[in-house]
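Here's the structure, in structure tokens; my notes come after.
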Amino acid sequence: MHDTTALLVELGSVILGLGLIGRFAGRIGLSPIPLYLLAGLAFGEGGLLPLGASEEFTAVGAEIGVILLLLLLGLEYSASELVTSLKTQYPSGAVDFVLNATPGAVAALLLGWGPVGAVALAGVTWISSSGVIAKVLTDLGRLGNRETPVILGVLVIEDLSMAVYLPLLTAMLAGVGLAGGSIALLIALGTVGFVLYLALRHGRLISRAVSSDNPEMLLLVVLGLTVLVAGVAQELQVSAAVGAFLVGIALSGEVAEGARKLLTPLRDLFAAVFFVFFGLSTNPAEIPPVLLPAALLAVVTVLTKIATGWYAARRAGIGSRGRWRAGGTLVARGEFSIVIAGLAVATEPRIGPIATAYVLILVIVGPLTARWTQPVAAKIQAWRGRDGGTGRASGTGKSGTTGTGDSGGAGRASGTGESGGEVPATRPAPTAQEELASEKR
């Protein structure tokens, strides 16, 4: 078959297959990311039907997918929102980094991957999936809950941290040494600070220069500017993804809204291509040996993410139920874990299989923890309360009442002191209306 014909047939089949996979995932209420990864594994090296003719195009499409993912992420935030999140959420961001990056780094060192592998796997386990979490919040009807701004604040800190983390990782992968890495980090910090300053002080002028009433012209200008800045950033060892993210931050108002509407379908297409390409570059035979370490890492980081959300919600004064919901919602990993692994796989090929298995596990478990963490925690607390204090506790005091000692305990408290009567130790069971109101707290 002619090379061009083979390319068209393979590419058409891949895109059609992605569309069908996406529709199926929507029908069953699942993120399509794990299915895209599985499709890549099926058609990559060692898979059922390896693709050859479209591999080069798919690689370029994957690069564009990463750039568009970060561009659309930047368009979601204004510079003022980022600055506000930094001021209010930085303690939660620090706890998030320590609790969730550390397991990945330790696992990589135990596996003998060295410092570069440790930094890469730390990023894989650290960053939550903004896309999956946003969909989960919408599906569960929690956008108006009190804990939702806390969840979004943690995600903003993580996303902004990528602007520092990715250049550092890129420099380490390039083997530029400590001095070169420090220079790349300083360039990244300076660039981020400069872009935030421009966006805060002159965001309207920048948006006006890019703005156009013609959707075609707006699309071409924003996309061309993003790819150009991404290329320059890559040349400066800052990372193309960070360059795209900063372009998104610099645009605001109607321009950002219009660009987001125009670019979202392109983002979805090329992001799907990126996930497939990552699967194509991973040999399925390499995944079974790493399933156990990936599963152990997943269990540990599920617990650390829940702890992160609980802490962040507690700082914001959210009640117990909201704290558990915040923790469970942050568990999902997805697109950015794969982006980080995709950058590192050329230097440390062993990260590909474990990152694939890890993301496959948590992109499926994440929506489940978002739904069930709070009810399970409530059940455990109720069980502990009953176990700690059932039946009657005897004894008298000045008030003539005695109790179980734990506010969550079951049973009654009785006494015959001055009050001369029994006092219930627990409230009556809440009504359905009270349960609904409590669920929103």
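All values below were derived from every heavy atom in this structure, side-chain atoms included, with hydrogens, water molecules and symmetry-related copies excluded.
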Is the CZ atom of R314 crowded by more than 12 outside heavy atoms at less than 6.0 Å?
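Result for CZ/R314: open.
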
More than 12 heavy atoms of other groups within 6.0 Å of E63 CD:
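Open.
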
Report yes if some heavy atom in the side chain of [X] is under 4.5 Å from a heavy atom in the side chain of [Y]; otherwise report no.
X    : Y    : result
R350 : L111 : no
L166 : I340 : yes
I133 : S128 : yes
E257 : L75  : no
S211 : E254 : no
V9   : S13  : yes
Q381 : S320 : yes
V299 : V302 : no

Does a donor on one side chain sit under 3.5 Å from an acceptor on the other, for E216 and N214?
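There is no such pair (donor and acceptor under 3.5 Å, judged by atom type) between the side chains of E216 and N214.
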
How long is the span from the [atom1] atom in [X] to the [atom2] atom in [Y], to the nearest 0.5 Å?
X    : Y    : atom1 : atom2 : answer
L155 : S129 : CG    : OG    : 8.5 Å
I28  : R23  : CD1   : CZ    : 14.0 Å
L219 : L262 : CG    : CG    : 5.5 Å
R146 : R325 : CZ    : CZ    : 10.5 Å
I338 : L343 : CD1   : CG    : 11.5 Å
L41  : Y36  : CG    : OH    : 15.0 Å

Please answer whether the main-chain N or O of [Y] pairs with a side-chain N or O of [X] as donor and acceptor at a distance below 3.5 Å.
X    : Y    : value
T125 : A122 : yes
R323 : I318 : yes
D96  : T308 : no
T148 : R142 : yes

Show which side-chain atoms of residues 351-366 pair as donor or acceptor with protein atoms under 3.5 Å away, not counting sequence neighbours.
residue	atom	partner	partner atom	Å
T356	OG1	G352	O	2.8
Y358	OH	T301	OG1	2.8
Y358	OH	R333	NH2	3.4

If every non-hydrogen atom of [X] is compared with every non-hydrogen atom of [Y], which pair is closest and at what distance?
X    : Y    : result
V150 : A316 : CG2-CB, 3.6 Å
V210 : L218 : O-CD1, 3.8 Å
F336 : I127 : CB-CG2, 3.7 Å
A25  : L35  : CB-CD1, 3.8 Å
G153 : Q89  : CA-CG, 4.0 Å
L18  : V273 : CD1-N, 4.2 Å

Audit row: L99, L303, side-chain contact (heavy atoms from CB on, under 4.5 Å) steps and yes/no:
CA-CA 9 Å; L99 289 182; L303 298 176; over 6 Å; no

Test log, rule side-chain contact (heavy atoms from CB on, under 4.5 Å), inputs L223 and L68
CA-CA 9 Å; L223 185 58; L68 290 177; 3.8 Å; yes

With sequence neighbours left out, write down each residue that passes ring-ring contact (aromatic ring centres under 6.0 Å, His included) with F97, or none if nothing qualifies.
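F97: ring-ring contact (aromatic ring centres under 6.0 Å, His included) contacts with W126.
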
Run Y165 and V119 through side-chain contact (heavy atoms from CB on, under 4.5 Å) and show every step you take.
CA-CA 9 Å; Y165 169 80; V119 172; 3.8 Å; yes

Would you please test L72 and R260 for side-chain contact (heavy atoms from CB on, under 4.5 Å) and show each step?
CA-CA 6 Å; L72 269 292; R260 187 160 54 242; 3.6 Å; yes

